[in-house]
Amino acid sequence: MKITFVGSEATPFAKTGGLADVLGSLPKTLAQMGHEVSLIMPKHQAIKTQYEKALTTVYTGTIKVHHDDKYIGIQRLSQGGVNVYFIDNEYYFGLRPHLYGDYDDGERYGYFAHGVIRTLQEVLPSQAIVHLNDWQTGLIPYLMKYDRKYRDLQSVKTIFTIHNIAYQGRFSKALMSHLNTDYSDLLEFDDVINFLKTGIMTADQVTTVSPTYKDNLQYAYFAYGMQGVLKMRGESFSGIINGIDLETFNPATDDAIQKPYDASKMVSGKKANKKALMEQFGLKNANLPLVGMVSRITESKGFNLVADVIPPMVEKGLINFVLLGSGDPYYEDTFQDFHDQMPDHLGVYFGYSDGLARQVYAGSDLFLMPSRFEPCGLSQLIAMRYGTLPVVHKTGGLKDTVEPFNEYTLEGTGFGFDTFDAEDLKQALLLAISVHGESDTFKMLQKRAMAQDFSWTQSANDYVKLYHEVMKRG
Ligand code: GLC
């Protein structure tokens with residue numbers, strides 16, 4: 001089957017979040033299954049600096065924006081069996097170090113949408129499925145179905161996947177003059193242009209990245225205004241869980257960690273990695289359970305709870321704690337202060353380092369992920385693969401992937417709490433700490449976590465099934 005993925009970021013080319021991991025691995029898995037898979041994304045600055053020599057230009061032309069004809073180049077390289085196409089425009093993408101957050105994001109991703117259409121017309125004709133991701137691609141199914149210039153693409157089936165509904169691509173209606181298409185209600189929500197809504201309303205099928213998040217999105221608390229719009233899609237909205245790339249995340253071959261290990265060498269491997277991680281952060285007392293976090297530092301990742309619960313536990317000598325990530329300056333300052341007060345037991349690194357992240361996954365005993373909401377979450381999957389037991393808020397994909405420890409049956413692959421408050425998180429951590437003390441049970445849980453199948457195979461099959469279903473709808 002000919003499948004084209006579209007999104008604004010994909011590993012290894014550009015990454016700000018989990019979307020990049022998905023677009024770096026799901027297309028590859030489908031290609032390995034024998035499908036003919038392409039990926040279209042903007043040519044961000046980092047791609048220009050790192051991949052220029054590997055790129056072949058396959059098309060050049062212009063795209064109309066407002067009264068101007070803007071340059072478009074389409075460049076290709078092949079990666080892991082996937083043909084990756086970059087939309088090249090120096091002004092919109094090449095000169096900026098960041099991917100989003102500019103005053104003209106609406107214009108940039110509006111241009112990108114027309115660029116994707118051009119790619120489908122000129123380079124990738126007769127695709128069975130165009131699989132779009134997040135708000136940056138929301139305009140595309142609208143253009144394909146409703147814009148008369150693009151009638152040739154009307155019958156191509158589209159899937160639109162929501163990776164995080166909090167980001168919607170909302171712009172003032174003044175943007176209309178730059179979108180080179182006719183106005184319709186489908187483009188608007190609450191008196192502004194909303195690309196996410198457009199994608200939800202106009203794709204043939206809408207999906208999100210876990211069954212529980214799909215259910216969560218019926219409620220205003222989770223849906224950021226989109227609950228009604230999603231409800232209108234009825235059965236055409238479904239949830240498929242993400243996988244991870246088992247080659248990229250493999251404790252047995254990971255050369256970023258102190259001592260690689262598989263399940264049979266788990267105990268000695270984790271011990272060596274814990275020691276190295278503690279040295280790296282200057283922490284003392286390896287007998288204490290080491291709780292790690294790798295996360296964007298934001299309220300939605302549960303940092304208000306973490307700030308309430310973790311420091312007193314560290315102070316009481318119950319745990320050590322390491323935090324890796326960046327984000328909200330308020331929380332960065334708060335945790336810097338905690339570190340300054342307890343440097344031997346609480347370590348921080350503000351920024352991102354892939355190698356250090358892997359060391360946290362490998363060297364921690366427990367991995368904390370108390371997100372207020374979580375569409376899927378990938379870190380908990382990586383943590384389990386590295387034998388680190390996640391402590392999670394049972395929401396979205398966290399609920400679907402971590403089986404909370406049951407004191408009576410001894411089943412589980414981690415620890416969970418139901419209510420998003422400090423007390424519940426504390427109880428879950430106390431339970432985890434006490435199980436850490438019974439080292440046989442803890443080891444059994446670690447081995448079980450490592451043995452889970454988080455590969456893409458199952459999910460990729462689910463997507464293929466869905467593609468066939470959508471194509472059958474005629
Ligand atoms: C977003 C979500 C995260 C999900 C990822 C990939 O980053 O916040 O939960 O795992 O997308 O789908």
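Treat the numbers as computed from the prediction; the structure is a model and nothing was measured. All values below come from the heavy atoms of this structure, side chains included, with hydrogens, waters and symmetry mates left out. Just follow the structure's listing: the first ligand is 1, and inside any ligand the first atom is 1.
Not one N or O on the side chain of Arg385 forms a donor-acceptor pair closer than 3.5 Å with the backbone of Phe454. Side chain of Asn216 to main chain of Gly396: a donor-acceptor pair is present (N/O by atom type, distance under 3.5 Å, no hydrogens or angles). His339 contributes a side-chain N or O that, together with a main-chain N or O of Leu346, makes up a donor-acceptor pair within less than 3.5 Å. In this structure, Lys301 contributes its side chain and Pro370 its backbone to no donor-acceptor pair below 3.5 Å. A donor-acceptor contact shorter than 3.5 Å links the side chain of Glu9 to the backbone of Thr16. A donor-acceptor pair under 3.5 Å links the side-chain atoms of His393 to the main chain of Ser371, judged by distance alone.
Near Val209, the atoms of ligand 1 lying under 4.0 angstrom from a non-hydrogen atom of the residue are 12 (O). The atoms of ligand 1 that sit less than 4.0 Å from any heavy atom of Val22 are 6 (C), 12 (O). For ligand 1 and Asn164, the ligand atoms under 4.0 Å from any heavy atom of the residue are 8 (O). Every atom of ligand 1 is numbered from 1 in the order shown, and the set under 4.0 Å from a heavy atom of Pro375 is 2 (C), 8 (O), 9 (O).
In terms of protein heavy atoms, atom 10 (O) of ligand 1 is closest to Gly377 N, 2.8 Å. Of the protein's heavy atoms, Gly18 N, 3.6 Å lies nearest to atom 7 (O) of ligand 1. The nearest protein atom to atom 3 (C) of ligand 1, hydrogens excluded, is given as Glu374 OE2, 3.4 Å; this is a heavy-atom distance.
For the ligand labelled ligand 1, residue Gly397 lies outside the 4.0 Å heavy-atom shell.
Glu332 and Gln336 share no side-chain donor-acceptor pair at under 3.5 Å.
Heavy-atom proximity to atom 2 (C) of ligand 1, evaluated over Gln380, His163, Lys301, Met369, is greatest for His163.
For ligand 1, the polar-atom distance check finds no N/O of Arg296 at less than 3.5 Å from any of the ligand's N/O atoms. Ligand 1 has no nitrogen or oxygen under 3.5 angstrom from a nitrogen or oxygen of Gly17.
Only the side chain of Asn242 comes within contact range of ligand 1, with a heavy atom under 4.0 Å; no backbone atom does.
You'll find the ring centres of Tyr92 and Phe112 outside the 6.0 Å limit.
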